Number of protein chains: 2
Amino acid sequence: MKVIAREDRGLPARIAGDIGRRITLGELKAGETLPREADMLATLGVSRTTLREALKILSTKGFIEAKPRLGTRVRAAEHWNTLDPVVLSWQGDAEDQDALAEELFEIRLSIEPLAARLAARRGSAADHAAIRAAFVRMSQAQAGLEEAIEADIDFHLQILQAAHNRFLLPISSVVRAALSISIPKTMAASGGFGPSLAQHEAILTAIERRDGEAALAAATTLIASTYKRNFG
Amino acid sequence: MKVIAREDRGLPARIAGDIGRRITLGELKAGETLPREADMLATLGVSRTTLREALKILSTKGFIEAKPRLGTRVRAAEHWNTLDPVVLSWQGDAEDQDALAEELFEIRLSIEPLAARLAARRGSAADHAAIRAAFVRMSQAQAGLEEAIEADIDFHLQILQAAHNRFLLPISSVVRAALSISIPKTMAASGGFGPSLAQHEAILTAIERRDGEAALAAATTLIASTYKRNFG
DNA sequence: TTCTCATATAATCGGAGTTATTATCGGTCA
DNA sequence: TGACCGATAATAACTCCGATTATATGAGAA
(Lines give C-alpha, C1' and ligand atoms only; values in the text may rest on other atoms or scores of the structure.)
Protein backbone atom coordinates (compact mmCIF):
# COMPACT_ATOMS: atom_id res chain seq x y z
CA MET A 1 0.00 0.00 0.00
CA LYS A 2 2.72 2.42 -0.98
CA VAL A 3 0.14 4.71 -2.47
CA ILE A 4 1.17 7.74 -0.48
CA ALA A 5 4.61 9.09 -1.00
CA ARG A 6 4.36 12.84 -1.05
CA GLU A 7 2.89 13.10 2.41
CA ASP A 8 5.89 11.48 4.03
CA ARG A 9 8.06 14.39 3.07
CA GLY A 10 9.62 16.39 5.84
CA LEU A 11 10.95 15.49 9.21
CA PRO A 12 7.79 16.32 11.19
CA ALA A 13 5.70 14.08 8.94
CA ARG A 14 8.10 11.19 9.43
CA ILE A 15 8.05 11.55 13.20
CA ALA A 16 4.28 11.88 13.20
CA GLY A 17 4.17 8.67 11.18
CA ASP A 18 6.41 6.86 13.64
CA ILE A 19 4.23 7.81 16.58
CA GLY A 20 1.01 7.33 14.62
CA ARG A 21 1.97 3.80 13.66
CA ARG A 22 2.86 2.99 17.25
CA ILE A 23 -0.63 4.11 18.19
CA THR A 24 -2.44 2.08 15.50
CA LEU A 25 -0.36 -0.94 16.45
CA GLY A 26 -1.59 -0.64 20.02
CA GLU A 27 1.87 -0.04 21.37
CA LEU A 28 0.58 3.24 22.68
CA LYS A 29 -2.90 2.78 24.09
CA ALA A 30 -5.75 5.24 24.39
CA GLY A 31 -5.66 7.34 27.52
CA GLU A 32 -1.95 6.86 27.92
CA THR A 33 0.05 10.05 28.25
CA LEU A 34 3.19 10.09 26.21
CA PRO A 35 6.47 11.56 27.53
CA ARG A 36 6.58 15.26 28.06
CA GLU A 37 7.92 17.58 25.41
CA ALA A 38 11.36 17.99 26.93
CA ASP A 39 11.89 14.24 27.27
CA MET A 40 10.78 13.48 23.72
CA LEU A 41 13.16 16.12 22.42
CA ALA A 42 16.03 14.26 24.02
CA THR A 43 14.78 10.85 22.86
CA LEU A 44 14.11 11.80 19.26
CA GLY A 45 16.98 14.22 18.87
CA VAL A 46 15.01 16.84 16.99
CA SER A 47 14.19 20.45 17.64
CA ARG A 48 11.19 21.77 19.48
CA THR A 49 9.67 23.15 16.29
CA THR A 50 9.87 19.82 14.51
CA LEU A 51 8.40 17.87 17.41
CA ARG A 52 5.63 20.38 17.89
CA GLU A 53 4.70 20.22 14.20
CA ALA A 54 4.69 16.44 14.37
CA LEU A 55 2.38 16.49 17.37
CA LYS A 56 0.21 19.06 15.62
CA ILE A 57 -0.21 16.66 12.72
CA LEU A 58 -1.24 13.87 15.06
CA SER A 59 -3.56 16.25 16.81
CA THR A 60 -5.38 17.29 13.63
CA LYS A 61 -5.87 13.63 12.78
CA GLY A 62 -7.50 13.06 16.15
CA PHE A 63 -4.78 10.81 17.51
CA ILE A 64 -3.66 12.89 20.45
CA GLU A 65 -4.83 15.75 22.61
CA ALA A 66 -2.47 18.09 24.43
CA LYS A 67 -3.39 19.97 27.56
CA PRO A 68 -1.23 22.02 29.88
CA ARG A 69 -0.47 20.46 33.23
CA LEU A 70 -1.91 17.16 32.02
CA GLY A 71 0.45 16.28 29.19
CA THR A 72 -0.27 14.87 25.78
CA ARG A 73 -2.65 11.94 25.81
CA VAL A 74 -3.52 9.35 23.19
CA ARG A 75 -7.16 9.56 22.13
CA ALA A 76 -9.50 6.63 21.57
CA ALA A 77 -9.74 5.14 18.08
CA GLU A 78 -13.24 6.53 17.56
CA HIS A 79 -11.78 10.03 17.28
CA TRP A 80 -9.30 9.17 14.56
CA ASN A 81 -9.75 10.57 11.06
CA THR A 82 -9.81 7.07 9.65
CA LEU A 83 -10.56 8.27 6.14
CA ASP A 84 -7.40 10.34 5.94
CA PRO A 85 -5.10 8.68 3.40
CA VAL A 86 -2.13 9.03 5.71
CA VAL A 87 -3.97 7.47 8.64
CA LEU A 88 -5.05 4.70 6.33
CA SER A 89 -1.46 3.99 5.42
CA TRP A 90 -0.57 3.81 9.12
CA GLN A 91 -3.28 1.25 9.65
CA GLY A 92 -1.91 -0.75 6.77
CA ASP A 93 0.77 -1.98 9.11
CA ALA A 94 -1.66 -3.06 11.81
CA GLU A 95 -2.64 -6.64 12.43
CA ASP A 96 -6.34 -7.01 11.81
CA GLN A 97 -5.95 -6.76 8.04
CA ASP A 98 -8.93 -8.99 7.31
CA ALA A 99 -11.31 -6.99 9.46
CA LEU A 100 -9.90 -3.82 7.94
CA ALA A 101 -10.46 -5.08 4.41
CA GLU A 102 -14.01 -6.15 5.21
CA GLU A 103 -14.87 -2.78 6.69
CA LEU A 104 -13.38 -1.09 3.65
CA PHE A 105 -15.67 -3.16 1.47
CA GLU A 106 -18.70 -2.23 3.51
CA ILE A 107 -17.97 1.41 2.80
CA ARG A 108 -17.49 0.73 -0.91
CA LEU A 109 -20.76 -1.15 -1.00
CA SER A 110 -22.62 1.86 0.30
CA ILE A 111 -20.77 4.61 -1.54
CA GLU A 112 -19.99 3.39 -5.02
CA PRO A 113 -23.47 2.44 -6.23
CA LEU A 114 -24.68 5.89 -5.32
CA ALA A 115 -21.66 7.45 -6.96
CA ALA A 116 -22.45 5.52 -10.12
CA ARG A 117 -25.99 6.82 -10.11
CA LEU A 118 -24.82 10.40 -9.65
CA ALA A 119 -22.17 9.97 -12.34
CA ALA A 120 -24.89 8.82 -14.74
CA ARG A 121 -27.17 11.71 -13.88
CA ARG A 122 -24.88 14.66 -13.72
CA GLY A 123 -21.50 13.57 -15.08
CA SER A 124 -20.25 15.60 -18.03
CA ALA A 125 -19.38 14.09 -21.39
CA ALA A 126 -15.72 14.53 -20.50
CA ASP A 127 -16.27 12.65 -17.24
CA HIS A 128 -17.86 9.76 -19.09
CA ALA A 129 -15.04 9.72 -21.60
CA ALA A 130 -12.51 9.45 -18.77
CA ILE A 131 -14.38 6.49 -17.32
CA ARG A 132 -14.47 4.78 -20.69
CA ALA A 133 -10.78 5.45 -21.22
CA ALA A 134 -9.99 3.72 -17.95
CA PHE A 135 -12.16 0.79 -18.96
CA VAL A 136 -10.39 0.48 -22.30
CA ARG A 137 -6.98 0.51 -20.66
CA MET A 138 -8.23 -2.10 -18.24
CA SER A 139 -9.53 -4.46 -20.88
CA GLN A 140 -6.58 -4.11 -23.23
CA ALA A 141 -3.88 -4.66 -20.63
CA GLN A 142 -2.63 -8.20 -20.26
CA ALA A 143 -4.00 -9.97 -17.22
CA GLY A 144 -1.96 -9.77 -14.06
CA LEU A 145 -0.14 -6.65 -15.02
CA GLU A 146 0.33 -3.71 -12.73
CA GLU A 147 -1.16 -1.62 -15.49
CA ALA A 148 -4.45 -3.47 -15.44
CA ILE A 149 -4.73 -3.03 -11.70
CA GLU A 150 -4.03 0.67 -11.96
CA ALA A 151 -6.63 1.00 -14.72
CA ASP A 152 -9.18 -0.85 -12.59
CA ILE A 153 -8.57 1.48 -9.67
CA ASP A 154 -8.72 4.46 -11.98
CA PHE A 155 -12.07 3.29 -13.33
CA HIS A 156 -13.62 3.43 -9.89
CA LEU A 157 -11.99 6.73 -8.96
CA GLN A 158 -13.19 8.35 -12.18
CA ILE A 159 -16.75 7.41 -11.30
CA LEU A 160 -16.36 9.01 -7.90
CA GLN A 161 -15.08 12.16 -9.58
CA ALA A 162 -17.89 12.21 -12.11
CA ALA A 163 -20.44 12.20 -9.30
CA HIS A 164 -19.53 15.82 -8.57
CA ASN A 165 -20.03 15.54 -4.85
CA ARG A 166 -17.24 17.09 -2.83
CA PHE A 167 -17.68 14.62 0.02
CA LEU A 168 -17.09 11.64 -2.21
CA LEU A 169 -13.58 12.70 -3.14
CA PRO A 170 -11.99 12.09 0.28
CA ILE A 171 -13.38 8.58 0.13
CA SER A 172 -11.22 7.90 -2.91
CA SER A 173 -8.42 6.88 -0.58
CA VAL A 174 -10.64 4.23 0.96
CA VAL A 175 -11.62 2.85 -2.41
CA ARG A 176 -8.03 2.86 -3.53
CA ALA A 177 -6.92 1.02 -0.41
CA ALA A 178 -9.68 -1.55 -0.70
CA LEU A 179 -8.95 -2.20 -4.36
CA SER A 180 -5.20 -2.45 -3.78
CA ILE A 181 -5.93 -5.32 -1.43
CA SER A 182 -8.71 -7.09 -3.30
CA ILE A 183 -7.76 -6.93 -6.97
CA PRO A 184 -4.55 -8.96 -6.72
CA LYS A 185 -6.38 -11.45 -4.53
CA THR A 186 -9.21 -11.76 -7.02
CA MET A 187 -6.89 -12.07 -9.99
CA ALA A 188 -4.87 -14.78 -8.35
CA ALA A 189 -8.05 -16.73 -7.73
CA SER A 190 -9.59 -16.50 -11.18
CA GLY A 191 -6.46 -15.96 -13.28
CA GLY A 192 -7.56 -12.58 -14.59
CA PHE A 193 -10.49 -10.24 -14.42
CA GLY A 194 -12.91 -13.06 -15.20
CA PRO A 195 -16.55 -11.99 -15.06
CA SER A 196 -15.71 -8.65 -13.48
CA LEU A 197 -14.75 -7.14 -16.83
CA ALA A 198 -18.27 -7.60 -18.12
CA GLN A 199 -19.63 -6.18 -14.88
CA HIS A 200 -17.46 -3.13 -15.26
CA GLU A 201 -18.76 -2.68 -18.78
CA ALA A 202 -22.33 -2.88 -17.53
CA ILE A 203 -21.67 0.02 -15.18
CA LEU A 204 -19.98 1.99 -17.94
CA THR A 205 -22.75 1.63 -20.50
CA ALA A 206 -25.43 2.42 -17.93
CA ILE A 207 -23.60 5.61 -17.02
CA GLU A 208 -23.11 6.54 -20.66
CA ARG A 209 -26.80 6.25 -21.46
CA ARG A 210 -27.47 8.24 -18.27
CA ASP A 211 -29.53 5.49 -16.70
CA GLY A 212 -28.92 6.19 -13.01
CA GLU A 213 -30.83 3.25 -11.58
CA ALA A 214 -29.18 0.75 -13.90
CA ALA A 215 -25.77 2.14 -13.02
CA LEU A 216 -26.56 1.83 -9.34
CA ALA A 217 -27.71 -1.76 -9.78
CA ALA A 218 -24.70 -2.70 -11.88
CA ALA A 219 -22.29 -1.22 -9.36
CA THR A 220 -24.01 -3.04 -6.54
CA THR A 221 -23.72 -6.30 -8.44
CA LEU A 222 -20.02 -5.84 -9.10
CA ILE A 223 -19.05 -4.93 -5.58
CA ALA A 224 -21.26 -7.52 -3.95
CA SER A 225 -19.83 -10.30 -6.11
CA THR A 226 -16.29 -9.13 -5.42
CA TYR A 227 -17.14 -9.00 -1.73
CA LYS A 228 -18.35 -12.57 -1.82
CA ARG A 229 -15.25 -13.73 -3.61
CA ASN A 230 -13.08 -12.13 -0.94
CA PHE A 231 -15.00 -12.96 2.21
CA GLY A 232 -17.62 -15.55 1.30
CA MET B 1 -23.12 25.37 12.74
CA LYS B 2 -21.14 26.02 15.86
CA VAL B 3 -20.88 22.32 16.53
CA ILE B 4 -17.13 22.36 16.91
CA ALA B 5 -15.68 24.31 19.76
CA ARG B 6 -12.77 22.40 21.18
CA GLU B 7 -10.86 22.30 17.93
CA ASP B 8 -10.59 26.06 17.81
CA ARG B 9 -8.40 26.07 20.86
CA GLY B 10 -4.95 27.47 20.46
CA LEU B 11 -3.54 30.28 18.41
CA PRO B 12 -2.34 28.13 15.49
CA ALA B 13 -5.79 26.61 15.10
CA ARG B 14 -7.39 30.04 15.02
CA ILE B 15 -5.00 31.29 12.38
CA ALA B 16 -5.42 28.11 10.35
CA GLY B 17 -9.16 28.70 10.55
CA ASP B 18 -8.81 32.27 9.33
CA ILE B 19 -6.80 31.22 6.32
CA GLY B 20 -8.88 28.09 5.75
CA ARG B 21 -12.08 30.10 5.64
CA ARG B 22 -10.55 32.54 3.20
CA ILE B 23 -9.76 29.58 0.99
CA THR B 24 -13.22 28.03 1.16
CA LEU B 25 -14.74 31.43 0.48
CA GLY B 26 -12.73 31.66 -2.70
CA GLU B 27 -10.85 34.71 -1.52
CA LEU B 28 -7.69 32.68 -1.97
CA LYS B 29 -7.93 30.62 -5.12
CA ALA B 30 -6.29 27.34 -6.02
CA GLY B 31 -2.82 27.65 -7.46
CA GLU B 32 -2.33 31.01 -5.86
CA THR B 33 0.79 31.30 -3.74
CA LEU B 34 0.23 33.05 -0.46
CA PRO B 35 2.74 35.56 0.94
CA ARG B 36 6.06 34.22 2.05
CA GLU B 37 6.68 33.23 5.62
CA ALA B 38 8.46 36.41 6.66
CA ASP B 39 5.70 38.63 5.28
CA MET B 40 2.91 36.70 6.93
CA LEU B 41 4.75 36.92 10.25
CA ALA B 42 4.66 40.68 10.00
CA THR B 43 1.03 40.75 8.83
CA LEU B 44 -0.33 38.38 11.46
CA GLY B 45 1.91 39.47 14.28
CA VAL B 46 2.64 35.97 15.53
CA SER B 47 5.77 33.95 15.94
CA ARG B 48 7.32 31.65 13.40
CA THR B 49 6.39 28.56 15.44
CA THR B 50 2.74 29.54 15.57
CA LEU B 51 2.54 30.36 11.88
CA ARG B 52 4.32 27.16 10.92
CA GLU B 53 1.95 25.07 13.03
CA ALA B 54 -1.00 26.84 11.47
CA LEU B 55 0.33 26.09 7.98
CA LYS B 56 1.01 22.52 9.04
CA ILE B 57 -2.64 22.15 9.99
CA LEU B 58 -3.77 23.48 6.63
CA SER B 59 -1.28 21.20 4.94
CA THR B 60 -2.57 18.04 6.65
CA LYS B 61 -6.08 18.99 5.61
CA GLY B 62 -4.95 19.22 1.99
CA PHE B 63 -5.49 22.95 1.69
CA ILE B 64 -1.96 24.04 0.94
CA GLU B 65 1.36 22.66 -0.19
CA ALA B 66 4.68 24.25 0.77
CA LYS B 67 7.82 23.89 -1.26
CA PRO B 68 11.13 25.66 -0.88
CA ARG B 69 11.86 28.28 -3.48
CA LEU B 70 8.33 27.99 -4.84
CA GLY B 71 6.42 29.25 -1.82
CA THR B 72 3.22 27.98 -0.26
CA ARG B 73 0.49 27.34 -2.76
CA VAL B 74 -3.24 26.81 -2.32
CA ARG B 75 -4.34 23.38 -3.52
CA ALA B 76 -7.45 22.62 -5.55
CA ALA B 77 -10.66 21.75 -3.71
CA GLU B 78 -10.48 18.11 -4.76
CA HIS B 79 -7.56 17.59 -2.40
CA TRP B 80 -9.33 18.93 0.67
CA ASN B 81 -10.25 16.60 3.50
CA THR B 82 -13.86 17.61 3.17
CA LEU B 83 -15.03 15.12 5.77
CA ASP B 84 -12.90 16.63 8.50
CA PRO B 85 -15.23 18.28 11.03
CA VAL B 86 -13.09 21.39 11.15
CA VAL B 87 -13.03 21.73 7.38
CA LEU B 88 -16.78 21.24 7.39
CA SER B 89 -17.18 24.10 9.82
CA TRP B 90 -15.09 26.32 7.56
CA GLN B 91 -17.34 25.50 4.64
CA GLY B 92 -20.32 26.41 6.77
CA ASP B 93 -19.48 30.02 6.09
CA ALA B 94 -19.26 29.59 2.33
CA GLU B 95 -21.95 30.69 -0.07
CA ASP B 96 -23.30 27.64 -1.82
CA GLN B 97 -25.16 26.42 1.25
CA ASP B 98 -27.92 24.77 -0.76
CA ALA B 99 -25.54 22.76 -2.91
CA LEU B 100 -23.59 21.87 0.23
CA ALA B 101 -26.71 20.65 2.01
CA GLU B 102 -27.78 18.60 -0.98
CA GLU B 103 -24.42 16.92 -1.27
CA LEU B 104 -24.48 16.17 2.45
CA PHE B 105 -27.82 14.47 1.95
CA GLU B 106 -26.49 12.38 -0.90
CA ILE B 107 -23.84 11.02 1.43
CA ARG B 108 -26.38 10.30 4.14
CA LEU B 109 -28.56 8.51 1.62
CA SER B 110 -25.77 6.14 0.79
CA ILE B 111 -24.24 5.66 4.23
CA GLU B 112 -27.03 5.52 6.75
CA PRO B 113 -29.13 2.71 5.29
CA LEU B 114 -26.08 0.50 5.25
CA ALA B 115 -25.18 1.57 8.77
CA ALA B 116 -28.69 0.63 9.90
CA ARG B 117 -28.29 -2.80 8.37
CA LEU B 118 -24.96 -3.35 10.06
CA ALA B 119 -26.33 -2.07 13.36
CA ALA B 120 -29.11 -4.62 13.14
CA ARG B 121 -26.75 -7.45 12.32
CA ARG B 122 -23.85 -6.91 14.63
CA GLY B 123 -24.86 -4.22 17.12
CA SER B 124 -24.70 -5.27 20.76
CA ALA B 125 -27.64 -5.15 23.13
CA ALA B 126 -26.09 -2.07 24.72
CA ASP B 127 -25.85 -0.43 21.29
CA HIS B 128 -29.52 -1.09 20.65
CA ALA B 129 -30.44 0.25 24.07
CA ALA B 130 -28.57 3.47 23.33
CA ILE B 131 -30.48 3.89 20.08
CA ARG B 132 -33.78 3.32 21.83
CA ALA B 133 -32.83 5.77 24.58
CA ALA B 134 -32.22 8.44 21.97
CA PHE B 135 -35.56 7.67 20.36
CA VAL B 136 -37.37 7.96 23.69
CA ARG B 137 -35.74 11.30 24.43
CA MET B 138 -36.72 12.42 20.97
CA SER B 139 -40.37 11.44 21.24
CA GLN B 140 -40.86 12.77 24.76
CA ALA B 141 -39.31 16.17 24.18
CA GLN B 142 -41.71 18.91 23.18
CA ALA B 143 -41.59 19.80 19.53
CA GLY B 144 -39.28 22.57 18.49
CA LEU B 145 -37.01 22.25 21.46
CA GLU B 146 -33.26 22.12 21.19
CA GLU B 147 -33.46 18.93 23.18
CA ALA B 148 -35.52 17.16 20.55
CA ILE B 149 -33.08 18.15 17.83
CA GLU B 150 -30.15 16.92 19.84
CA ALA B 151 -31.94 13.63 20.49
CA ASP B 152 -32.69 13.26 16.80
CA ILE B 153 -29.06 13.78 15.89
CA ASP B 154 -28.00 11.41 18.63
CA PHE B 155 -30.34 8.74 17.26
CA HIS B 156 -28.56 8.75 13.94
CA LEU B 157 -25.08 8.89 15.43
CA GLN B 158 -25.83 5.95 17.73
CA ILE B 159 -26.76 3.87 14.70
CA LEU B 160 -23.47 4.76 13.05
CA GLN B 161 -21.66 3.69 16.22
CA ALA B 162 -23.58 0.45 16.48
CA ALA B 163 -22.47 -0.52 12.98
CA HIS B 164 -18.99 -1.18 14.35
CA ASN B 165 -17.21 -0.03 11.24
CA ARG B 166 -14.29 2.28 11.95
CA PHE B 167 -14.74 4.16 8.68
CA LEU B 168 -18.27 5.15 9.50
CA LEU B 169 -17.29 7.13 12.57
CA PRO B 170 -15.55 9.99 10.74
CA ILE B 171 -18.72 10.41 8.70
CA SER B 172 -20.57 11.30 11.88
CA SER B 173 -19.53 14.88 11.40
CA VAL B 174 -21.20 14.92 7.99
CA VAL B 175 -24.40 13.49 9.37
CA ARG B 176 -24.35 15.94 12.24
CA ALA B 177 -23.83 18.86 9.88
CA ALA B 178 -26.59 17.72 7.55
CA LEU B 179 -29.05 17.23 10.39
CA SER B 180 -28.20 20.56 11.98
CA ILE B 181 -29.31 22.18 8.76
CA SER B 182 -32.30 20.06 7.87
CA ILE B 183 -34.08 19.34 11.15
CA PRO B 184 -34.96 22.93 12.02
CA LYS B 185 -36.08 23.44 8.43
CA THR B 186 -38.26 20.36 8.51
CA MET B 187 -39.75 21.23 11.89
CA ALA B 188 -40.59 24.73 10.80
CA ALA B 189 -42.43 23.31 7.79
CA SER B 190 -44.51 20.66 9.53
CA GLY B 191 -44.63 22.12 13.05
CA GLY B 192 -42.87 19.19 14.67
CA PHE B 193 -41.48 15.84 13.77
CA GLY B 194 -44.62 14.90 11.87
CA PRO B 195 -44.40 11.56 10.13
CA SER B 196 -40.67 11.28 10.74
CA LEU B 197 -41.19 10.06 14.31
CA ALA B 198 -42.96 6.96 13.07
CA GLN B 199 -40.24 6.46 10.48
CA HIS B 200 -37.60 6.63 13.15
CA GLU B 201 -39.48 4.05 15.16
CA ALA B 202 -39.61 1.75 12.14
CA ILE B 203 -35.83 1.83 11.92
CA LEU B 204 -35.49 1.24 15.64
CA THR B 205 -37.75 -1.80 15.80
CA ALA B 206 -36.18 -3.33 12.71
CA ILE B 207 -32.77 -2.99 14.29
CA GLU B 208 -33.99 -4.42 17.58
CA ARG B 209 -35.36 -7.55 15.95
CA ARG B 210 -32.08 -7.76 14.02
CA ASP B 211 -33.78 -7.56 10.65
CA GLY B 212 -31.01 -5.97 8.59
CA GLU B 213 -32.90 -5.61 5.32
CA ALA B 214 -35.92 -4.02 7.00
CA ALA B 215 -33.64 -1.60 8.83
CA LEU B 216 -31.98 -0.67 5.56
CA ALA B 217 -35.32 -0.12 3.86
CA ALA B 218 -36.69 1.94 6.74
CA ALA B 219 -33.62 4.15 6.84
CA THR B 220 -33.82 4.68 3.10
CA THR B 221 -37.45 5.70 3.42
CA LEU B 222 -36.76 8.19 6.18
CA ILE B 223 -33.84 9.89 4.51
CA ALA B 224 -35.43 9.93 1.08
CA SER B 225 -38.59 11.54 2.42
CA THR B 226 -36.59 14.10 4.37
CA TYR B 227 -34.58 14.76 1.25
CA LYS B 228 -37.72 15.42 -0.75
CA ARG B 229 -39.07 17.74 1.90
CA ASN B 230 -35.86 19.77 1.78
CA PHE B 231 -35.13 19.82 -1.90
CA GLY B 232 -38.24 18.60 -3.68
C1' DT C 1 21.68 21.20 -24.88
C1' DT C 2 23.62 20.03 -20.44
C1' DC C 3 25.90 20.99 -16.42
C1' DT C 4 27.20 24.02 -12.65
C1' DC C 5 26.40 27.42 -9.42
C1' DA C 6 24.18 31.32 -7.16
C1' DT C 7 20.04 32.50 -4.71
C1' DA C 8 15.68 32.63 -2.67
C1' DT C 9 12.81 30.09 0.28
C1' DA C 10 11.17 26.83 3.39
C1' DA C 11 12.90 23.61 7.03
C1' DT C 12 15.12 22.93 11.23
C1' DC C 13 17.29 24.32 15.40
C1' DG C 14 17.50 25.53 20.58
C1' DG C 15 16.60 28.51 24.31
C1' DA C 16 13.63 31.51 27.18
C1' DG C 17 9.51 33.61 28.79
C1' DT C 18 4.23 33.19 29.08
C1' DT C 19 -0.16 31.19 29.79
C1' DA C 20 -3.56 27.90 30.94
C1' DT C 21 -5.17 23.97 33.38
C1' DT C 22 -5.21 21.06 37.13
C1' DA C 23 -4.24 19.29 41.69
C1' DT C 24 -3.66 20.44 46.30
C1' DC C 25 -4.70 22.55 50.43
C1' DG C 26 -7.30 25.19 53.56
C1' DG C 27 -11.50 26.71 55.05
C1' DT C 28 -16.59 26.66 55.49
C1' DC C 29 -21.09 24.81 55.78
C1' DA C 30 -24.36 20.98 56.61
C1' DT D 1 -17.26 14.46 61.14
C1' DG D 2 -18.13 14.63 56.44
C1' DA D 3 -18.69 16.76 52.02
C1' DC D 4 -18.33 20.76 49.37
C1' DC D 5 -16.19 25.04 47.66
C1' DG D 6 -12.60 28.64 46.71
C1' DA D 7 -7.81 30.40 46.61
C1' DT D 8 -3.14 28.98 45.57
C1' DA D 9 0.77 26.83 43.54
C1' DA D 10 2.96 23.69 40.39
C1' DT D 11 3.52 21.81 36.02
C1' DA D 12 3.24 21.25 31.31
C1' DA D 13 2.00 22.98 27.02
C1' DC D 14 2.04 27.32 24.49
C1' DT D 15 4.25 31.18 22.33
C1' DC D 16 8.02 33.90 20.94
C1' DC D 17 12.58 34.79 18.92
C1' DG D 18 16.83 34.90 15.86
C1' DA D 19 20.10 32.03 13.57
C1' DT D 20 21.48 28.16 10.80
C1' DT D 21 20.75 24.48 7.37
C1' DA D 22 18.81 22.11 3.42
C1' DT D 23 16.67 22.28 -1.05
C1' DA D 24 14.58 23.49 -5.30
C1' DT D 25 14.76 26.60 -9.07
C1' DG D 26 16.52 29.46 -12.70
C1' DA D 27 20.38 31.78 -14.81
C1' DG D 28 24.59 31.44 -16.99
C1' DA D 29 28.59 29.05 -18.78
C1' DA D 30 30.69 25.15 -21.16
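Only a predicted model underlies this, so the values are computations on that prediction, with no experimental measurement involved. First the proteins, then the strands, lettered A, B, ... as listed; each starts at 1.
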What is the distance from [atom1] of [X] to [atom2] of [N], rounded to the nearest Å?
| X | N | atom1 | atom2 | answer |
| --- | --- | --- | --- | --- |
| A:Glu53 | C:dG14 | CD | P | 14 Å |
| A:Leu51 | C:dA11 | CG | P | 17 Å |
| B:Leu41 | C:dA10 | CG | C1' | 12 Å |
| B:Leu11 | C:dG17 | CG | P | 20 Å |
| A:Leu44 | C:dG14 | CG | P | 12 Å |
| A:Arg73 | C:dT22 | CZ | C1' | 12 Å |
| A:Leu70 | D:dA10 | CG | C1' | 14 Å |
| B:Arg48 | C:dG14 | CZ | P | 16 Å |

Checking all strands, does A:Thr49 fall into the base, sugar-phosphate, or nothing category for heavy-atom contacts under 4.0 angstrom?
base

Say you draw a straight line from OG1 of B:Thr82 to CG of A:Leu168; how long is it, rounded to the nearest 0.5 Å?
9.5 Å

Between CZ of A:Phe167 and CD of B:Glu106, what distance do you get to the nearest 0.5 Å?
10.0 Å

Could you tell me whether the phosphate oxygens of [N], OP1 or OP2, come under 4.0 Å of any side-chain nitrogen or oxygen in [X]?
| X | N | answer |
| --- | --- | --- |
| B:Arg52 | C:dA11 | yes |
| A:Ser47 | C:dT12 | no |
| A:Thr50 | C:dC13 | yes |
| B:Arg36 | C:dT9 | yes |

Is it true that [X] and [Y] make a salt bridge, defined as a side-chain N closer than 4.0 Å to a carboxylate O?
| X | Y | result |
| --- | --- | --- |
| A:Glu53 | B:Arg52 | yes |
| B:Arg132 | B:Asp127 | no |
| B:Arg137 | B:Glu150 | no |

Quick check: any donor-acceptor pair below 3.5 Å linking the side-chain of A:Arg69 to the base of D:dA13?
no

From the options C:dT22, C:dA11, C:dT12, select the nucleotide whose nearest atom is closest to the side chain of A:Pro12.
C:dT12

Nearest listed nucleotide, side chain of A:Glu37, among D:dC14, C:dA10, D:dT11:
D:dC14

